[in-house]
Amino acid sequence: MIEYASVAMAAVLIAAMVIELRTGRIPNWLTLVPLALFAVVFVLAEDRTGLLIQLALAAGVFAVGLGLFATGAIGAGAVKLIAGLVLFVPLGSAFYTLLIFLAVFFVSAFLFVQIRKLLGSEQSSWHVMANAVIPLSFPICVAGIFGMFVL
């Protein structure tokens with residue numbers, strides 16, 4: 001069961017990305033799934049030391065994210081999704097996952113703007129094509145999958 005938690009987290013990331021691209025929001029129920037998955041892993045784990053460190057790191061990321069949310073720099077759904085992701089990225093991969101997030105964010109921001117200029121319209125049923133927004137779930141998803149499975 002513990003081995004499949006990362007796969008389930010990847011599914012959550014992909015679902016959050018698709019939903020945000022379509023609607024512009026990341027649902028609260030979806031951001032609670034990583035916490036529930038982590039609770040299952042925590043209960044089933046024999047050694048919880050590393051998990052406690054992950055939990056503390058996620059709490060720190062959540063606190064910083066709340067500060068960014070308060071300034072309007074990031075949405076609340078993205079804050080919760082990133083904090084949930086931190087629970088599953090191995091500590092040894094965390095720094096490189098952050099670098100991947102930043103690289104994907106800047107490249108995808110440019111690409112989303114260019115695609116919206118070419119194909120977007122206010123009548124589009126996809127939020128990302130109808131509004132001038134940069135969806136954070138895309139770089140979160142890409143960096144999270146790399147951090148959990150590649151690095």
Side-chain angles (χ1 to χ4, degrees), residues 5-42 48-120 122 124-151:
S6 294
V7 175
M9 184 60 202
V12 168
L13 292 173
I14 292 168
M17 179 185 64
V18 171
I19 291 170
E20 185 185 17
L21 291 174
R22 177 88 170 140
T23 67
R25 300 187 51 134
I26 301 172
N28 285 331
W29 64 265
L30 189 59
T31 61
L32 292 175
V33 173
L35 189 57
L37 285 171
F38 186 78
V40 169
V41 170
F42 191 83
R48 294 182 177 97
T49 306
L51 297 177
L52 290 173
I53 294 169
Q54 292 288 119
L55 190 59
L57 184 59
V61 167
F62 185 72
V64 170
L66 284 179
L68 291 170
F69 172 70
T71 64
I74 188 172
V79 170
K80 294 177 276 188
L81 190 63
I82 291 171
L85 174 61
V86 170
L87 295 170
F88 292 94
V89 173
L91 288 176
S93 302
F95 178 72
Y96 297 108
T97 302
L98 174 63
L99 293 179
I100 291 170
F101 168 78
L102 292 172
V104 172
F105 171 74
F106 287 113
V107 171
S108 68
F110 174 77
L111 291 175
F112 277 117
V113 168
Q114 298 309 314
I115 291 169
R116 189 172 32 256
K117 283 181 182 178
L118 290 172
L119 305 172
E122 292 180 9
S124 176
S125 61
W126 287 79
H127 181 75
V128 71
M129 297 302 283
N131 300 292
V133 295
I134 305 297
L136 281 180
S137 60
F138 182 78
I140 293 169
C141 179
V142 172
I145 289 173
F146 267 87
M148 289 186 295
F149 300 110
V150 178
L151 299 177

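The structure presented is a predicted model; accordingly, all values stated were derived computationally and were not measured. These numbers come from the heavy atoms of this one structure, side chains and all, not from hydrogens, waters or symmetry mates.
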Minimum heavy-atom separation for [X] and [Y], please, with both atom names.
X    : Y    : value
A8   : L37  : CB-CD1, 3.7 Å
A130 : S124 : CB-O, 3.7 Å
M148 : A10  : CE-N, 3.9 Å

Residues 86-101 side chain polar contacts: donor-acceptor under 3.5 Å, at least two apart:
from : atom 1 : to  : atom 2 : distance (Å)
T97  : OG1    : S93 : O      : 2.7

Applying side chain to side chain donor-acceptor pair (under 3.5 Å) as the test, list every pair that has at least one member in residues 49-58; sequence neighbours left out.
D47-T49

Any side chain to side chain donor-acceptor pair (under 3.5 Å) involving residues 130-151? Give me the pairs, sequence neighbours left out, ordered by first then second residue.
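Passing the test, one end in residues 130-151: E20-S137, H127-N131.
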
Could you give the distance from CG (L119) to CH2 (W126), rounded to the nearest 0.5 Å?
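Reported value, rounded in 0.5 Å steps: 13.5 Å.
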
State which residues pass side-chain contact (heavy atoms from CB on, under 4.5 Å) with L118; sequence neighbours excluded, sorted by chain then number.
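Partners of L118 under the side-chain contact (heavy atoms from CB on, under 4.5 Å) test: none.
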
Evaluation steps, side-chain contact (heavy atoms from CB on, under 4.5 Å), between I14 and I145:
CA-CA 9 Å; I14 292 168; I145 289 173; 4.1 Å; yes

Among V107, V104, L13, which residue satisfies the side chain to side chain contact (heavy atoms under 4.5 Å, CB included) criterion with V142?
V104

Taking side chain to side chain donor-acceptor pair (under 3.5 Å) as the test, write out the residues that go with R25, two or more places apart.
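Here no residue qualifies.
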
Taking only residues at least two apart or on different chains, which pairs with a member in residues 129-151 satisfy ring-ring contact (aromatic ring centres under 6.0 Å, His included)?
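For residues 129-151, and leaving out neighbouring residues, the ring-ring contact (aromatic ring centres under 6.0 Å, His included) pairs sorted by first residue read F112-F138.
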
Could you walk me through whether F42 and L52 pass the side-chain contact (heavy atoms from CB on, under 4.5 Å) check?
CA-CA 9 Å; F42 191 83; L52 290 173; 3.7 Å; yes

Quick one: does L30's side chain get under 4.5 Å of V12's, heavy atoms only?
yes

Show which side-chain atoms of residues 66-81 pair as donor or acceptor with protein atoms under 3.5 Å away, not counting sequence neighbours.
from : atom 1 : to  : atom 2 : distance (Å)
T71  : OG1    : L68 : O      : 2.8
K80  : NZ     : N28 : OD1    : 2.3

